[in-house]
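Below you'll find the structure, written out as structure tokens, and then a few comments.
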Amino acid sequence: MNMGMYLDGRRALRSASISDLASGGSIGSAASTVDIYDAVLINQTTDAKVLTFATPSVNALRNLTVANVGTAGFYAYGRFIRPGSSHKFVYIPSVGWRRTSSSPQIISQSAVAVTAPADTNENTLATITIPGGVIGSNGRIYIEAYFTVTASTNNKTWRARLGGTALHTGVTASATVVSVGTIISIANRNSEASQIGTSFTGNGVSATALPTGTVDTTTDQTLIITGQKATGAETMTLAQYTVRLERFD
Amino acid sequence: MQTHIKKVQIGVNEEGKPIMAPETQPPHNYVACEITEDEYIYTVAD
């Protein structure tokens, strides 16, 4: 721990070191954390957990800087803190802990190509855990995904499923199309158990109504991006994707 | 280093086709992924 030494005339934050919180939850009692420290260094090695901070013993405004010195990202009060990053939280008297920024943030991404096998199953090409409560009642998951496909008139279908429910479906079946870029938005509709998704393809239009869901996002859910081919011998590759969390509260 | 995760069926889609996925959460820092008939093979940088 660091109790507030001075470095070049400026006081370093009083900080505590906290080991991996494998089940998520509280980082510790008020007396051992937020009452006496300005910052915590969390060595998180278990992925996608939600952490909470104790209510300070004194009901007064205060800051807490949270740094992730581990190898796995975690969430706190709607904020994702990936390894090697930090965020400042503020305790608002009689309100509670709040993040200090609501800007959209990337919670998962990859540019490692993942190719569907030579079959006609719906194959998962990316898997992302969305911990319970991180979307909020009016938040959304925003995905950009880019595929390469065989140019043919056979269907190549991509989907995004949250908790098993397809909240985006797109299809290409063109003899001239070899790549597809798509935007997927899965939004909670003023409820953590009601969603609306998207259905358009790369050109932004569709004859299919927007899909809806009733996935309970107060509990952990798995988001998957899948690919399916009508003809197994053709190719369909998820070339890259980004998943962003957008909170509005 | 490679991580092998069993491929399992997690449901059936709107077309009656099996939905396949890794049985457990994949590593988040993989640098390559191959999907075979029965498993996902992730390569993680040493």
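The sequence lines fix the lettering, A, B, ..., with proteins before strands; numbering per chain opens at 1. Values reported hereafter were calculated over all heavy atoms of this structure, with side chains retained and with hydrogens, waters and symmetry mates removed. All values derive from a computational prediction rather than experimental measurement.
- Contacts between A:T71 and chain B at a heavy-atom distance below 4.5 Å involve the backbone alone (N, CA, C, O).
- Using a 4.5 Å cut-off between heavy atoms, B:E15 touches chain A through its side chain atoms alone.
- When each of A:I224, A:N121, A:L125, A:T157 is checked for heavy-atom pairs under 4.5 Å with chain B, A:N121 comes out on top.
- Counting heavy-atom neighbours within 6.0 Å of B:E37 CD, excluding the residue itself, gives a total of 12 or less.
- Both the backbone and the side chain of B:P18 come within less than 4.5 Å of a heavy atom of chain A.
- Listed for the B:Y30 side chain is no donor-acceptor partner under 3.5 Å among the backbone atoms of A:V112.
- Rounded to the nearest 0.5 Å, atoms OG1 (A:T129) and CD (B:Q25) are 3.5 Å apart.
- Residues of residues 78-88 of chain A having a heavy atom under 4.5 Å from any heavy atom of chain B: none.
- Interface remark: A:A113 contributes backbone atoms only to the contact with chain B (heavy atom separation under 4.5 Å).
- With a threshold of 4.5 angstrom between heavy atoms, A:N123 approaches chain B through its backbone and through its side chain.
- Taking A:T235 as the reference, A:T150 meet the side chain to side chain contact (heavy atoms under 4.5 Å, CB included) condition, with sequence neighbours excluded.
- Put simply, the residue from B:D38, B:I35, B:T36 that forms a side chain to side chain contact (heavy atoms under 4.5 Å, CB included) with A:P117 is B:I35.
- Residue with the most contacts toward chain B among A:I128, A:D47, A:D119, A:T127: A:T127 (heavy-atom pairs, distance under 4.5 Å).
- Side-chain contact between A:R159 and B:I19 is absent, with no heavy-atom pair separated by less than 4.5 Å.
- A distance of 8.5 Å separates CD1 in B:I10 from OG1 in A:T226, rounded to the nearest 0.5 Å.
- The shortest distance between side-chain heavy atoms of A:T169 and B:E14 does not fall below 4.5 Å.
- The part of A:T115 that comes within reach of chain B is its backbone (N, CA, C, O), which places non-hydrogen atoms under 4.5 angstrom from that chain.
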